[in-house]
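Positions are given from 1 along the sequence. Note that the coordinates shown come from a computational prediction; the quantities given were computed from them, not determined experimentally.
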Amino acid sequence: METPRRPEDEDGEEEGFDREQKRQRLSPIRHDSLLSLAHYSDDADEDEPGRQTLNGYQAGVNGRADNSEDEDEDDHDKENRNTQKSASGRRHRLVEIRRDCPHLDTVNRQVLDFDFEKFCSVSLSNLNVYACLVCGKYYQGRGLNSHAYTHSLEVGHHVYINLQTEKVYCLPDGYEVNDTSLDDIRHVLNPRFMRDQVKHLDENRPWSRALDGSNYLPGMVGLNNIKETDFVNVTIQCLMRVTPLRNFFLIPENYQNSKSPLVHRFGELTRKVWHARNFKGQVSPHEFLQAVMKASNKRFQIGVQSDPVEFMSWLLNTLHSKLRHTKKKNKSIIHDCFQGELEVVKEMHRRSLIEKMENGDDESKEGALRGSNILMETSRVPFLMLGLDLPPPPLFKDAMEKNIIPQVPLFNIFKKFDGETVTEVVRPCIARMRYRVTRLPKYMILHMRRFTKNNFFVEKNPTLVNFPVKNLELKDYIPLPAPKQNEKLKSKYDLIANIVHDGKPGEGYYRAFVQCKSEELWYEMQDLHVTETLPQMVALSEAYMQIYEQHG
């Protein structure tokens with residue numbers, strides 16, 4: 001039997017290419033065979049011990065090992081390729097590795113976009129997906145009957161990267177390309193951060209240049225508004241300023257044991273926002289939005305405007321439930337950053353006593369019971385966000401026939417939490433509430449209640465809130481618990497993010513003001529638009545939700 005020539009030999013390459021062309025001419029792909037391409041099994045990854053499928057997502061989101069090479073064996077491969085027996089008894093196909101590839105000059109980085117879901121553009125499968133580095137489209141597999149193989153023959157695009165293992169192959173030849181010039185593509189596909197790099201992320205952060213020549217600052221990149229998703233964009237931009245939360249999600253090892261796709265999608269989005277080697281100065285949160293739709297049972301979805309306060313509350317609670325410690329149920333990075341504690345005193349009438357008095361008891365008995373008619377309950381309640389009530393706007397117009405927009409200091413509406421101010425509530429029952437802060441969080445989220453719903457429409461309160469951007473001292477306005485021994489009372493905060501709503505309720509849009517710590521500047525961010533602004537402009541806006549950082 002004649003020994004087949006090695007692929008390194010040029011004559012062997014030409015002879016093999018001629019043989020492949022003859023085979024294609026003699027056995028063309030028929031139309032009926034194209035219909036069954038999505039159901040082939042010879043190109044699927046073989047199951048390995050420890051691999052799992054997470055709600056339709058590949059276990060590769062947890063950082064699948066690079067040695068989980070896809071197995072693309074069919075009858076033709078078994079005839080032309082050598083195989084070896086591994087120690088576990090499984091058969092591996094020998095794939096040739098080359099450092100030089102004549103098709104690397106066809107790689108087009110301008111069209112590469114890894115922000116969207118990793119689904120084959122033909123079969124819509126998320127198993128064993130490759131990206132064509134020439135046109136940017138996704139195809140499944142690289143065997144003889146695969147979509148990527150067919151695409152390489154029909155269009156002449158030869159360089160493909162596996163979206164999970166990050167290995168690059170040349171099709172239809174089938175050899176692996178090991179070239180360092182492709183490392184920048186791997187970094188865009190899966191951004192990487194070292195722990196030491198994360199610690200110094202806010203120190204002297206240099207500007208980066210995109211492929212189109214535009215400059216962008218890592219962490220201050222725009223987010224694509226896919227359709228009515230500005231409420232998600234402003235929430236993400238604000239959470240990206242919370243340093244411990246950002247540092248936690250920049251290292252995938254911190255949450256590799258989580259089985260939630262939402263956690264891993266949020267981590268990928270965080271790494272892309274702060275990555276300094278992106279091909280473009282913007283990020284599309286498409287994969288994150290898909291995970292949000294699934295985790296929220298379409299409570300938040302693309303194309304439907306929602307409230308960023310509701311989304312922030314849902315996102316923080318969901319991330320906490322997916323990240324909490326197995327032994328300490330209430331321990332997570334979310335609670336470490338945002339959780340505080342309130343003392344709530346609730347006063348309400350005893351229904352039983354009221355019913356007795358209504359049933360015709362004599363007046364003397366009614367007077368005797370009147371003193372004990374109030375039921376008081378005191379409890380400690382944890383919180384992630386504090387809601388502040390705005391004073392009602394005036395009903396009348398001024399001499400110029402324009403509505404008077406009132407202003408109120410933040411300290412006035414913050415008196416709600418001084419332990420003495422009474423707040424009347426109707427639901428779940430009529431009661432009088434008093435709140436007092438007993439533990440301050442490291443990062444305090446404030447929510448101004450601007451929107452009120454009635455049976456007919458939604459009203460917006462346009463009252464402006466005057467707040468300090470620096471050095472918000474809470475101890476001067478609300479009573480705080482005494483610190484423990486050898487501890488200092490930390491009651492001073494700085495604003496790091498501010499969400500604003502513009503326009504009419506239900507028709508307006510959201511934008512965010514965020515602080516860049518490396519430059520000590522403020523930026524206004526509205527979807528893809530990122531512009532530098534002054535701190536004075538932040539204080540003049542209709543604040544809707546704010547995040548304050550505690551002084552260290």
Which pairs with one or both residues in residues 522-547 pass ring-ring contact (aromatic ring centres under 6.0 Å, His included), sequence neighbours excluded? His447-Tyr544, Phe451-Tyr544

May I ask you to decide whether Glu420 forms a salt bridge with Lys415, counting only side-chain N to carboxylate O separations under 4.0 Å? no

With heavy-atom distances below 4.5 Å as the criterion, would you say the side chains of Val345 and Met433 are in contact? no

Between Asp336 and Lys331, is there a side-chain N and carboxylate O pair less than 4.0 Å apart? yes

With a 4.0 Å cut-off, would you call Glu347 and Arg434 a salt bridge? yes

Measure from the ring center of Phe311 to the ring center of Phe231 and say whether it is less than 6.0 Å. yes

I want to know whether Tyr255 and Phe249 have ring centres closer than 6.0 Å. yes

Indicate the ring-plane relationship of Phe417 and Tyr435, choosing parallel, tilted or perpendicular according to the 30° and 60° boundaries. tilted

Is there side-chain contact between Tyr548 and Pro441, with at least one heavy-atom pair below 4.5 Å? no

Does any part of the side chain of Leu495, heavy atoms only, come nearer than 4.5 Å to the side chain of Gln546, both counted from C-beta? yes

Taking all non-hydrogen atoms of both residues, which atom of Ser208 and which atom of Pro218 are closest, and how far apart? OG-CG, 3.6 Å

Step by step, would you call Phe414 with Tyr477 a ring pair (Phe, Tyr, Trp, His ring centres under 6.0 Å)? CA-CA 8 Å; Phe414 214 90; Tyr477 303 94; 8.7 Å; no

